[in-house]
Amino acid sequence: MGLRADLIGARSHVSPEAGSLGADFYARAVLDVARDLLGCVVEHGGCAGVIVETEAYHESEPACHAFVGVTPRTRTLFADPGTAYVYRSYGIHALLNAVCEPPGVGAAVLIRALEPLRGVERMRERRGGVGDEQLCSGPGKLTQALGVELRHNATSLLDGPIAIRRRALEIEPVAPVAVAPRVGITKAVDLTWRFCLAGNPHVSRPRPSL
DNA sequence: CATGGGATTGACT
DNA sequence: GTCAATCCCATGC
């Protein structure tokens, strides 16, 4: 069976996800969580996609919002593991992160791209008729496609409106993981804390070389 | 209270 | 390749 190329729509009736990820999953080192979130499914309001790109951020490095400590903006980053950190970027886009590491440690995984899985028609409506490979190929695009907004900041990914689930074992992705520097930052640019499913067409630009 | 800078995107040269 | 849009908030006076 074609498990790789024809995910869109074809598996809508297969119930492809196992249970929601627990707090213990997110409480680990943020780099491990970023890597392990690849292949998991993000769902909101009937729309869902497979995570194909992530980045890790940690309070110990200056590209992370939590580097400055606890402020009204960064408070969520220090909350319980498995909390959604949603913030506005460049005045326009809402970016979705999963808070990681033990409570009190400011760290999160930025969800940067999805392979659309369910609710694709609704995503197309929200995204204004772009091609299916552009529906969720960026952190601002995927929140627009899923209808994730700033009001979801600080909600739980364990039992809240946004869910992240593991997929069933038989359809776990087998693609190798590409590791690269993070996108769009000006500090700590040398850290290779970006993770992508290599060769997946829904990864954002710039595509990491294999 | 004023200012400046983004974990981006899409339109345009 | 360049660039503007547009909002939240950190910082400094």
Side-chain angles (χ1 to χ4, degrees), chain A residues 26 29-35 37-38 40 42 47 49 51-79 81 83-101 105-116 123-155 157 162 164 177-197 201-208:
Chain A
Y26 298 101
V30 68
L31 283 171
D32 291 334
V33 180
R35 167 63 182 76
L37 278 175
L38 293 176
C40 294
V42 181
C47 294
I51 299 174
V52 299
E53 179 181 352
T54 61
E55 284 177 358
Y57 289 87
H58 188 271
E59 62 180 16
S60 62
E61 45 90 13
C64 182
H65 294 164
F67 186 70
V68 298
V70 180
T71 68
R73 181 197 198 190
T74 64
R75 183 169 40 89
T76 306
L77 276 170
F78 296 88
T83 301
Y85 171 50
V86 184
Y87 72 96
R88 186 160 307 291
S89 175
Y90 291 95
I92 300 179
H93 309 287
L95 269 53
L96 171 65
N97 300 250
V99 173
C100 295
E101 309 230 356
V105 178
V109 173
L110 170 66
I111 311 297
R112 282 195 59 89
L114 306 176
E115 178 168 332
M123 294 190 200
R124 291 192 187 108
E125 291 171 13
R126 292 192 178 110
R127 291 278 297 129
V130 302
D132 282 359
E133 291 187 352
Q134 277 68 252
L135 282 179
C136 299
S137 60
K141 297 176 183 178
L142 71 90
T143 55
Q144 182 185 21
L146 294 187
V148 170
E149 300 169 3
L150 283 199
R151 61 192 175 82
H152 294 110
N153 183 45
T155 61
L157 296 170
I162 306 167
I164 304 183
V177 174
V179 183
R182 295 173 294 183
V183 177
I185 53 169
T186 58
K187 299 169 235 176
V189 295
D190 292 339
L191 297 177
T192 53
W193 285 10
R194 181 188 185 202
F195 303 90
C196 307
L197 289 187
H202 300 87
V203 167
S204 74
R205 305 299 175 84
R207 306 278 274 289

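What you see below is based on every heavy atom in this structure, not just the backbone, and it leaves out hydrogens, waters and symmetry mates. The sequence lines fix the lettering, A, B, ..., with proteins before strands; numbering per chain opens at 1.
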Any F78(A) side-chain heavy atom under 4.5 Å of V105(A) side chain: no
Non-hydrogen side-chain atoms of R207(A) and S137(A) separated by less than 4.5 Å: no
Stems involving DNA chain C, each a run of at least 3 consecutive Watson-Crick or G-U pairs under 3.5 Å: B:1-6 with C:7-12, B:8-12 with C:1-5
Backbone N/O of L135(A) and side chain of R127(A): donor-acceptor pair under 3.5 Å: yes
Side chain to side chain contact (heavy atoms under 4.5 Å, CB included) partner of T54(A), the single match among V109(A), L110(A), L197(A), V177(A): V109(A)
Main-chain N/O of R182(A) paired to R194(A) side chain as donor or acceptor, under 3.5 Å: no
Donor-acceptor contact below 3.5 Å, side chain R88(A) vs main chain I92(A): yes
SG on C64(A) to NZ on K187(A), rounded to 0.5 Å: 10.5 Å
Between dG1(C) and dA7(B) - C1' atom distance, rounded Å: 23 Å
Base-contact (B) and sugar-phosphate-only (S) positions in nucleotides 3-13 of chain B, heavy-atom cut-off under 4.0 Å, - elsewhere: ---BBBSS---
Close side-chain approach of E59(A) and E101(A), heavy atoms under 4.5 Å: no
